[in-house]
Amino acid sequence: MPVAKQAEIVPAEGKLGVLLVGLGAVSTTFIAGVEAIKKGFAQPIGSLTQMGTIRLGKRTDNRVPLIKDFVPLAQLKDLVFGAWDIFPDSAYDAALNAGVLEKELLGQLKEPLRKIKPMKAVFDQTYVKRLSGTNVKTGKNKFELAQQLIDEIAEWKRKNKCSRVVMIWAASTEIFLKPHAVHKTLDSFEQAMRDNHKAIAPSMLYAYAALKSGIPFANGAPNLTVDIPALMSLADKNKLAICGKDFKTGQTLMKTIIAPGLKSRMLGLHGWYSTNILGNRDGEVLDDPDSFKTKEESKLSVLEYILQPEVYPTLYKDFSHVVRINYYPPRGDNKEGWDNIDIFGWLGYPMQIKIDFLCRDSILAAPIVLDLALFLDLAQRAGMKGVQEWLSFYFKSPQTAPGLYPEHDIFIQLMKLKNTLRHLRGEDLITHLGLEYYD
Ligand SMILES: NC(=O)c1ccc[n+]([C@@H]2O[C@H](COP(=O)([O-])OP(=O)(O)OC[C@H]3O[C@@H](n4cnc5c(N)ncnc54)[C@H](O)[C@@H]3O)[C@@H](O)[C@H]2O)c1
């Protein structure tokens, strides 16, 4: 991640290819959204790169440009989309099937969406038990499948005349995998690919193919994927940006907004019970206990890190944290998430907070995909290699350098992101000390 202050940033010239693994609810909502925004039908609500501003200098300087005017990001008109999926449906049919966006809007976007046909996926049902599809590659072993991806990426980039490409995993959550000895080095990883080793999941093959092809990679699901030493060292070696894991939307977004507030006022926590009903394909996949375990691990870690029970035992020791996801088809993508938060205040008196968030999962996730694509491309052009911790803002389970605990507090994450942009442009970092106003 290290980068020089006022780094030389290569201009964002030409087309930026956005390769999406998985053409489901999130990916199609993202693509359709960008097309709708390009046509002037909608605004990029929820996207920091498109709507966010950044304060520069002193509060009295009145310098508050839009982020997209401050750093040289790719423009929406220059984005080109490609995808892999185990189903052969075009982005138009997949979007209709996902049921997130209204048919009327999709009808107006039919032309660009119909053109996006998914390439054959690298898929193995061992890793996503609830799915099976026909649009799947075959190969002698995992190494050969990865080589097929590498060839396909090169061909796609050439055909679409892209000057740069980024890859984002927005495919289903795979089963829970623990780091394994074969993940340690690139040699052991490549050998394990040839041996068809169980510890090598399809998501790792896409990440490997991206990094071998000189493409930065972001992981939107909680799978281990690029968060293993072998692929982290490959990213470093090839000077490529990587980040993950698991887009921060819905209930975890709320947790990382509310928990820092409770902690800042030294309010204690007895317990936090979260439950969801969700009826989309993601919900169906997560109904499998092995895929849910991957998600659960990602969701559970958040409160521990924010509340620091070891530093504040009186307030946070042994709080109970339960997370449930229930697959309930009638709701489709329109998830409902309930939180019951048992807190305590002055003299230990108990209080409760109830949240009923009627959210739309993919509506919250789509702007994250856009921002990640644009920021990963920026990082790449600015020479920022390896884990991009400044993009933690977008993830439930932020990837960090080995041995470093992740920062989950959304306000610290945002400050880190904006200070990284200031640093890149040679501007003073904002500490909020503000003594100069009282001299
Ligand atoms: N929507 C959100 O708010 C949100 C938040 C955090 C994380 N996520 C994660 O993002 C991912 C996508 O979510 P979604 O709602 O779009 O799910 P979805 O089920 O609608 O789409 C996922 C797509 O990936 C495809 N797929 C599965 N394995 C594949 C493989 N190996 N190669 C290519 N395609 C493959 C599936 O066929 C499916 O079409 C999920 O892992 C989900 O857990 C979503």
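It should be emphasised that the depicted structure is a prediction, and the values quoted were computed from it without experimental measurement.
Side chains of Leu370 and Leu76 form a contact here, defined as non-hydrogen atoms less than 4.5 Å apart.
Asp361 is linked by a side chain to side chain donor-acceptor pair (under 3.5 Å) to Lys335, counting only residues two or more places apart in sequence or in another chain. Residues that satisfy the side chain to side chain donor-acceptor pair (under 3.5 Å) test with Asn97, not counting sequence neighbours, are absent from this structure. Legend: residues meeting side-chain contact (heavy atoms from CB on, under 4.5 Å) with Asp78, ordered by chain and number and at least two apart, are Lys15, Gln75. In this structure, the side chain to side chain donor-acceptor pair (under 3.5 Å) partners of Ser274, at least two apart in sequence or on a different chain, are Lys255, Asp339. The side-chain contact (heavy atoms from CB on, under 4.5 Å) check on Asp287 picks up Arg130, Tyr327, with sequence neighbours excluded. Not counting sequence neighbours, Trp169 has no partner by the side chain to side chain donor-acceptor pair (under 3.5 Å) test.
A donor-acceptor pair under 3.5 Å is formed between the side chain of Arg381 and the backbone N or O of Val10. Distance alone, capped at 3.5 Å, places no donor-acceptor pair between the Ser291 side chain and the Asp288 backbone. Although no hydrogens or angles enter the test, the distance criterion places a donor-acceptor pair under 3.5 Å between the side chain of Asn223 and the main chain of Glu174. Put simply, the side chain of Gln380 gets close to the backbone of Ala241: a donor and an acceptor are under 3.5 Å apart. Side-chain atoms of Ser47 come within 3.5 Å of backbone atoms of Gln50 as a donor-acceptor pair (strictly under, hydrogens ignored). With Lys142 contributing its side chain and Ile200 its backbone, the two residues share a donor-acceptor pair below 3.5 Å. Side-chain N or O atoms of Asn238 include none that pairs as donor or acceptor with a backbone N or O of Leu240 at under 3.5 Å. Remark: side-chain polar atoms of Ser392 are not paired, donor with acceptor, to backbone N or O of Pro398 under 3.5 angstrom. Checking side-chain atoms of Asn334 against main-chain N and O of Arg360 turns up no donor-acceptor pair under 3.5 Å. In terms of modelled atom types and a separation under 3.5 Å, the side chain of Thr294 and the main chain of Phe176 share a donor-acceptor contact.
Ring pair Tyr206/Trp84: centre-to-centre distance below 6.0 Å. Between Tyr273 and Trp338, a ring centre-to-centre spacing not shorter than 6.0 Å is recorded. Here Phe319 and His270 keep their ring centres 6.0 angstrom or further from each other.
Residue pairs meeting the ring-ring contact (aromatic ring centres under 6.0 Å, His included) criterion with at least one member in residues 19-62, sequence neighbours excluded: Phe30-Phe81. For residues 237-246, the salt bridge (Lys or Arg N to Asp or Glu O under 4.0 Å) pairs, not counting sequence neighbours, are Asp227-Lys245, Asp246-Lys295, Asp246-Lys396. Residue pairs meeting the ring-ring contact (aromatic ring centres under 6.0 Å, His included) criterion with at least one partner in residues 275-296, sequence neighbours excluded, are absent.
Contact detail for Cys359 and Gly250: the closest heavy-atom pair is SG-CA, 4.2 Å. Annotation for Asn219 and Phe217: closest pair CB-CE2, 4.0 Å, computed over non-hydrogen atoms. Of all the heavy atoms in Trp390 and Leu417, the pair that sits closest is O-CB, 3.6 Å. In terms of heavy-atom proximity, Phe123 sits nearest to Ser132 at CE2-CA, 4.4 Å. Closest approach of Asp282 and Leu278 over heavy atoms only: OD2-CD2, 4.5 Å.
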Criterion side chain to side chain contact (heavy atoms under 4.5 Å, CB included) on Ile86 and Leu131, from CA distance to verdict: CA-CA 9 Å; Ile86 67 167; Leu131 286 187; 4.0 Å; yes
Derivation and outcome, side chain to side chain contact (heavy atoms under 4.5 Å, CB included), residues Asn326 and Asn276: CA-CA 6 Å; Asn326 298 294; Asn276 291 276; 5.9 Å; no
Evaluation steps, side chain to side chain contact (heavy atoms under 4.5 Å, CB included), between Lys416 and Glu389: CA-CA 9 Å; Lys416 190 178 175 70; Glu389 207 200 311; 3.6 Å; yes
Steps toward side chain to side chain contact (heavy atoms under 4.5 Å, CB included) verdict (Leu16, Leu374): CA-CA 9 Å; Leu16 173 65; Leu374 300 187; 4.3 Å; yes
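One finds a salt bridge joining Lys38 and Glu35 here, because a Lys/Arg side-chain nitrogen approaches an Asp/Glu carboxylate oxygen to under 4.0 Å.
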Show the atom names and distances, to 0.1 Å, of all donor-acceptor pairs under 3.5 Å that link a side chain in residues 346-357 to residues at least two apart or in another chain.
{"residue": "Gln352", "atom": "OE1", "partner": "Lys354", "partner atom": "NZ", "Å": "2.8"}
{"residue": "Lys354", "atom": "NZ", "partner": "Asn340", "partner atom": "OD1", "Å": "2.6"}

Scan the side chains in residues 300-311 for donor-acceptor partners under 3.5 Å anywhere in the protein, sequence neighbours excluded, and list what turns up.
{"residue": "Ser301", "atom": "OG", "partner": "Ser298", "partner atom": "O", "Å": "3.3"}
{"residue": "Gln308", "atom": "OE1", "partner": "Lys263", "partner atom": "NZ", "Å": "2.8"}

Got a list of side-chain donor-acceptor pairs under 3.5 Å for residues 51-59, not counting sequence neighbours?
{"residue": "Arg55", "atom": "NE", "partner": "Gly57", "partner atom": "O", "Å": "3.3"}
{"residue": "Arg55", "atom": "NH2", "partner": "Gly57", "partner atom": "O", "Å": "3.3"}

